[in-house]
Amino acid sequence: MANQNDNKDNGQARAATEPSQPTNFIRNIIDEDLKTGSRQTIVTRFPPEPNGYLHIGHAKSICLNFGLARDYGGRCHLRFDDTNPAKEDMEYIDSIKDSVRWLGFDWGDHLHNASDYFGQLYEWAEELIIKGKAYVDDLAAEQIREYRGTLTEPGKESPFRNRPPEENLDLFRRMRAGEFPDGSRVLRAKIDMSSPNMNLRDPVMYRILHASHPHTGDDWCLYPMYDYAHGQSDSIEGITHSICTLEFEDHRPLYEWFLDALGIYAPRQIEFARLNLTYTVMSKRKLLELVREGYVNGWDDPRMPTIVGMRRRGYTARAIRTFCERIGVGKNDSWIEMGVLEDCVREDLNECAPRAMAVLNPLRMVIENYPEDLVEEFDALNHPNDPSMGTRKVPFAREIYIEAEDFLEEPPKGFFRLAPGREVRLRYAYIVKCTGVVKDEKTGEIVEIRCTYDPESRGGSAADGRKIKGTIHWVSAAHGINARVRLYDRLFSVPQPGSDKNGADWKSCLNPESLKALDHCRMEPGLALASPGSCFQLERQGYFSVDIKDSLPGSPVFNRVVTLRDSWAKAGA
RNA sequence: UGGGGCGUCGCCAAGCGGUAAGGCACCGGAUUUUGAUUCCGGCAUUCCCAGGUUCGAUCCCUGGCGCCCCAGCCA
C-alpha cells in the first residue's frame with residue numbers, strides 16, 4: 001500500500017480526462033472572434049509577477065488561460081511580468097514555474113519575460129518621444145500626484161510637458177545612461193490631463209531604478225511600468241486574447257492607446273472577476289504577512305491557499321482543476337464557499353485514495369473471551385468500490401484500540417456505535433459486545449472498554465443473520481504503529497476575513513483551532529511504509545496525506561486533507 | 001459629486017425577445033461491514049426596483065437603488 005497513489009495525476013491536463021467545460025462569456029467572445037475572422041487562432045498567456053507564491057486565485061487564471069488554449073487548439077505562454085526588480089526574486093520565479101507544472105500545464109517553448117523585451121520597449125519609447133507622444137518630466141513623485149488631480153477634478157499639465165522632442169530624447173538617453181538618480185525624472189505618455197479616466201492623465205512609462213534585475217542584471221537603470229510593458233509584450237508574442245482581472249478594466253483604453261500610437265498588432269484584453277474564497281485571504285500582501293509574522297509555518301503551510309500549501313496539504317492538481325472549472329468565470333464580485341473546493345478534493349480522493357484504519361484518539365479495548373496468544377489476519381479492501389485496488393492483511397488480537405468517541409456510556413438516541421451492553425462490528429473482524437468499562441479511580445476517566453466477541457461473526461457478519469447497525473474501526477494494540485497526525489481546519493473563523501470594514505483587524509479572525517497536532521495515534525502496521533506525498537482515506541475520518549517534509553522513513557506524519565462528510569455530526573450529535 | 005464595471009435560488013452560474021440549464025449547499029428516501037461512497041426525488045410562476053416598448057422581456061428602452069474598482073515613479 002506504500003506507494004500506490006503518489007499524487008499520480010500530475011500530467012498535462014487533457015480535455016479527454018476533464019469534465020466538459022461549461023461555457024462562459026470569454027468563450028462566447030472567442031467563438032465570435034473566430035467566427036468573424038477577427039482572430040484565426042487562440043494564443044493566451046498567464047503573466048504572473050514574480051514577487052510571491054501562486055495561490056488558488058492564480059490557479060483560476062492558469063486553468064482559464066491554459067484551458068482555453070487547450071480547448072481551442074492554440075497555445076498559452078507563461079510570461080513573467082518582471083518590470084519591477086525592487087520586488088521580484090528568482091525564488092519566486094522557480095516556485096511559479098513549479099506550481100504551474102504541478103497543476104498540469106505545459107507552456108512548451110513559450111516561457112517569456114517582459115524583460116526579454118526591454119530593448120524593444122526602449123526603442124518604442126524613443127519613437128513615441130520623437131512623435132511627440134511622450135516626454136521626460138522632472139516633477140517629483142509628490143508633485144506628479146498633486147498635478148494629477150482627483151476623481152472629480154481634472155489634473156494640471158506639468159511645466160515640462162511641452163519640452164521639444166530633441167530635448168526629451170536627450171534627457172531620456174541620459175536617464176538610460178545612468179546620469180540621474182532614482183526618482184529624479186520619469187518618462188510620461190502625453191495623453192490627457194483632464195481625462196475622467198485617471199490612467200490617461202499622462203501615465204508614467206519609465207522610472208529610474210538603479211536596481212539589479214533577476215534576468216537583465218545591471219543592464220538597465222530604468223524600468224518600464226506595467227502599462228507600458230504589458231500590452232506591447234502581448235503584441236510581440238501574438239497574444240490574441242489577453243485575459244486579466246477586473247481592476248484592469250480601466251487600463252484597457254491605455255493598453256490600446258500605446259498599441260495604436262506605436263501602430264503595432266493589438267490583442268484583445270478581456271477582464272474577469274478574481275476569485276474570493278471564504279474562510280481564507282487571497283492578497284499577496286496578507287499572505288506574506290501571515291508568513292512573516294509566523295501565523296503559519298511558511299508559504300507551504302498546509303493551511304495556506306497557496307499552490308504549494310494546498311499541494312503539501314494533499315489537495316490534488318486534478319481537484320484544483322475541477323474546482324476552477326466548477327466555479328465558472330464571470331464579472332460578478334463573488335465569494336466561493338470553501339465547501340466547493342473541499343468537495344472537489346473529496347470527489348477526487350474518494351476515487352483514488354486507498355483506505356486504511358487508524359485511531360486518532362485511542363481507547364483500549366480488551367476482548368475478554370479472545371485467546372491471549374492468538375493473532376488473526378483479516379483481509380481488508382483497499383477500496384470498497386474498486387476491487388482492482390486489491391486487499392491487504394490487517395492483524396487482530398485480544399487487545400485493540402478503538403476511537404474514543406466511538407464509545408459512549410450514555411448514548412443519545414440515534415447513536416449506534418458502542419455503549420454498555422450494546423453490540424458493534426469491528427470492521428472486517430468480529431462483532432463485539434460491551435460488557436464493562438474501566439475508569440481511572442481518581443479522575444473517573446474511561447481508560448478501557450471490556451468486551452466479548454462473537455466467534456461466529458468472523459469477518460463481521462453474524463451467523464444468525466442479525467443486523468448490526470454500527471461498524472467502527474480499530475487497530476491491534478500490539479501491532480499498530482504510533483504516528484503523528486495534524487488535523488487542519490479553516491485558517492479563519494469568519495467567512496470573509498478580508499472584507500471587514502475595519503480592515504486592519506483581519507488577523508483577529510484567525511481560527512485558533514486551525515491546527516491540532518496529535519502525537520499518539522495508532523495506525524495499522526502497513527502505514528509505516530506509506531510514502532511521502534501519498535494519500536489515504538482513514539476510514540470514517542477523512543483523507544490524509546503523508547507529509548512531504550516531516551515524515552521519516554518508517555515514521556510517517558499525516559496531514560488531514562479534508563474530513564469525510566458526516567451526517568451524524570451535522571445532525572448535531 | 002468624474003470615469004469604469006456588476007446586480008438570475010443560501011453560494012457560484014447558464015441564458016442574448018418565446019415563456020428560468022447545471023454545480024455546491026439544503027431537505028427527503030433507497031442501498032451500504034466507512035453515520036462515507038453510490039442512487040433516486042424535492043428545491044427561483046421568477047431574474048435589484050419602478051415605469052415603458054412588444055402578442056410576449058431575465059433578455060430592448062427610461063429612471064431609480066445597491067455593490068465593486070480607479071487619484072503607485074506597484075502589478
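Below, chain A is the first sequence line, B the second, and so on; all start at residue 1.
Closest to the side chain of Phe415(A), out of rG35(B), rU34(B), rG72(B), is rG35(B). Of the candidates rG72(B), rC69(B), rC24(B), the closest approach to any side-chain atom of Asp343(A) belongs to rC24(B). For Arg355(A), the side-chain atoms get nearest to rU34(B) when compared with the rest of rU34(B), rC6(B), rC73(B). Checking rA75(B), rC69(B), rC12(B) against every side-chain atom of Ile327(A), the shortest atom distance belongs to rC12(B). Set against rA14(B), rU34(B), rG4(B), the side chain of Glu249(A) has rG4(B) as its closest nucleotide. In the set rC73(B), rG3(B), rU34(B), the nucleotide with an atom closest to the side chain of Val186(A) is rC73(B). Relative to the side chain of Ser334(A), the nucleotides rC12(B), rC68(B), rU34(B) differ in distance, and rC12(B) lies closest. If you check rA71(B), rC6(B), rC69(B) against the side chain of Glu247(A), the one that comes closest is rC69(B). Here rC73(B) is the nucleotide among rC12(B), rU34(B), rC73(B) with the atom lying nearest to any side-chain atom of Ala141(A). Comparing rG35(B), rG3(B), rC74(B) by their nearest atom to the side chain of Phe416(A) picks out rG35(B).
Phosphate proximity of rG72(B) to Arg145(A): present, with a side-chain N or O under 4.0 Å from OP1 or OP2. At rA14(B), none of the side-chain N or O atoms of Arg27(A) fall inside 4.0 Å of OP1 or OP2 (strictly under the cut-off). Between rG15(B) and Asn28(A), a contact under 4.0 Å exists linking OP1 or OP2 to a side-chain N or O. When the side-chain nitrogen and oxygen atoms of Arg285(A) are compared with OP1 and OP2 of rA75(B), none of them lie within a distance under 4.0 Å. Side-chain nitrogen and oxygen atoms of Thr83(A) include at least one within less than 4.0 Å of the OP1 or OP2 phosphate oxygen of rA75(B). Using a 4.0 Å cut-off, some side-chain N or O of Arg207(A) falls inside it from OP1 or OP2 of rC74(B). Proximity of Lys570(A) to the phosphate of rC26(B): a side-chain N or O atom is located under 4.0 Å from OP1 or OP2. Remark: Ser567(A) is in phosphate contact with rA36(B), judged by side-chain N or O atoms under 4.0 Å from OP1 or OP2. At the phosphate of rC73(B), OP1 or OP2 sits under 4.0 Å from a side-chain N or O atom of Arg148(A). The phosphate of rC6(B) (OP1 or OP2) has no side-chain N or O of Asn332(A) nearer than 4.0 angstrom.
Across every strand in view, rU58(B) sits unpaired, with no contact that passes the Watson-Crick or G-U test at under 3.5 angstrom. Base pairing of rG66(B): its partner is rC6(B), meeting the Watson-Crick or G-U wobble criterion (both donor-acceptor distances under 3.5 Å). Pairing partner, rC26(B): rG42(B), with both Watson-Crick or wobble hydrogen-bond distances short of 3.5 Å. Of the nucleotides present, none pairs with rA75(B) by Watson-Crick or G-U wobble criteria with both distances under 3.5 Å.
In this model, a side-chain donor or acceptor of Arg417(A) finds a partner on the base of rG35(B) within 3.5 Å. In the interface, the side chain of Gln541(A) is not paired with the base of rU34(B) through any donor and acceptor atom under 3.5 Å apart.
Using atom C1' as the reference point in both rA20(B) and rA44(B), the two lie 7 Å apart (nearest Å). Atom P of rC6(B) sits at a distance of 15 Å from the matching atom of rC59(B), rounded to the whole Å. Taking atom C1' on both rC67(B) and rC49(B), the two are 15 Å apart, rounded to the nearest angstrom. For rG42(B) and rC55(B), the P atoms lie 37 Å apart once the distance is rounded to whole Å.
At distances below 3.5 Å, at least one donor-acceptor pair connects side-chain atoms of Thr278(A) with backbone N or O atoms of Met338(A). Side-chain atoms of Asp202(A) come within 3.5 Å of backbone N or O of Ile191(A) as a donor-acceptor pair.
Counting any heavy atom pair closer than 4.0 Å across all strands shown, Gln537(A) reaches a base atom. In this structure, Glu337(A) reaches the bases: a heavy-atom distance under 4.0 Å links it to at least one base atom across the strands shown. Within 4.0 Å of Asp81(A), counting heavy atoms only, lie sugar-phosphate atoms of the nucleic acid but no base atom. Across all strands shown, Ala140(A) has heavy atoms under 4.0 Å from base atoms, whether or not it also approaches the sugar-phosphate. Base engagement by His251(A) is indicated by at least one non-hydrogen atom pair under 4.0 Å involving a base atom. Across all strands shown, Tyr206(A) has no heavy atoms under 4.0 Å from either base or sugar-phosphate atoms. At the heavy-atom level, Phe248(A) lies under 4.0 Å from base atoms of the strands shown. At a threshold of 4.0 angstrom between heavy atoms, the contacts of Met225(A) are confined to the sugar-phosphate backbone, with no base atom among them. Counting non-hydrogen atoms under 4.0 angstrom, Leu187(A) reaches nothing in the nucleic acid. As judged by a 4.0 angstrom heavy-atom cut-off over every strand, Ile144(A) is placed among the base-contacting residues. Leu151(A) comes within contact range of at least one nucleobase, with a heavy-atom separation under 4.0 Å. If you check every strand for non-hydrogen atoms under 4.0 Å, Arg425(A) touches a base. Gly470(A) comes within 4.0 angstrom of no nucleic acid atom, judged by non-hydrogen atoms across all strands. Residue contacts for Pro384(A): at a heavy-atom cut-off of 4.0 Å it reaches a base atom on one of the strands shown.
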Task: Glu376(A) and Arg458(A): CA distance, side-chain angles, deciding distance, salt bridge (Lys or Arg N to Asp or Glu O under 4.0 Å) verdict - done: CA-CA 10 Å; Glu376(A) 290 183 85; Arg458(A) 195 165 198 288; 2.6 Å; yes
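A distance cut-off of 5.5 Å between ring centres, combined with a plane angle under 30°, leaves Tyr226(A) outside any stacking arrangement with the base of rA75(B).
Heavy-atom neighbours of Lys469(A) NZ from other residues, nucleotides or ligands within 6.0 Å: at or below the threshold of 12.
Stacking of Arg522(A) on the aromatic ring of Tyr401(A) is not recorded, the 6.0 Å distance cut-off and the 45° axial limit not both being met. Geometrically, Arg176(A) engages Trp220(A) in a cation-pi contact, judged by NZ or CZ lying under 6.0 Å from the ring centre and within 45° of the ring axis.
Applying the 90° criterion around 0 to the glycosidic angle, rG41(B) comes out anti.
Annotation: of the two residues near RNA chain B, Arg252(A) and Val340(A), the 5′-most nearest-nucleotide partner is Arg252(A). Comparing Asn24(A) and Asp138(A) along RNA chain B, the residue whose closest nucleotide (by nearest heavy atom) sits nearer the 5' end is Asn24(A).
Regarding Arg540(A), its CZ atom lies at a distance of 14 Å from the C1' atom of rU32(B), rounded to whole Å. Between the P atom of rG35(B) and the CG atom of Leu408(A) lies a distance of 15 Å, rounded to the nearest Å. The distance from atom NZ of Lys60(A) to atom P of rC12(B) is 11 Å, rounded to the nearest whole Å.
Contact between Pro50(A) and Ile93(A) at its shortest, heavy atoms only, is CB-CG1, 3.5 Å.
With respect to Arg185(A), the side-chain contact (heavy atoms from CB on, under 4.5 Å) criterion is satisfied by exactly one of Leu222(A), Val136(A), Asp137(A), Leu139(A): Val136(A).
Taking a cutoff of 4.0 Å between a charged side-chain nitrogen and a carboxylate oxygen, Glu524(A) and Arg392(A) qualify as a salt bridge.
In this structure the side chain of Arg274(A) reaches within 4.5 angstrom of the side chain of Glu247(A), judged on heavy atoms.
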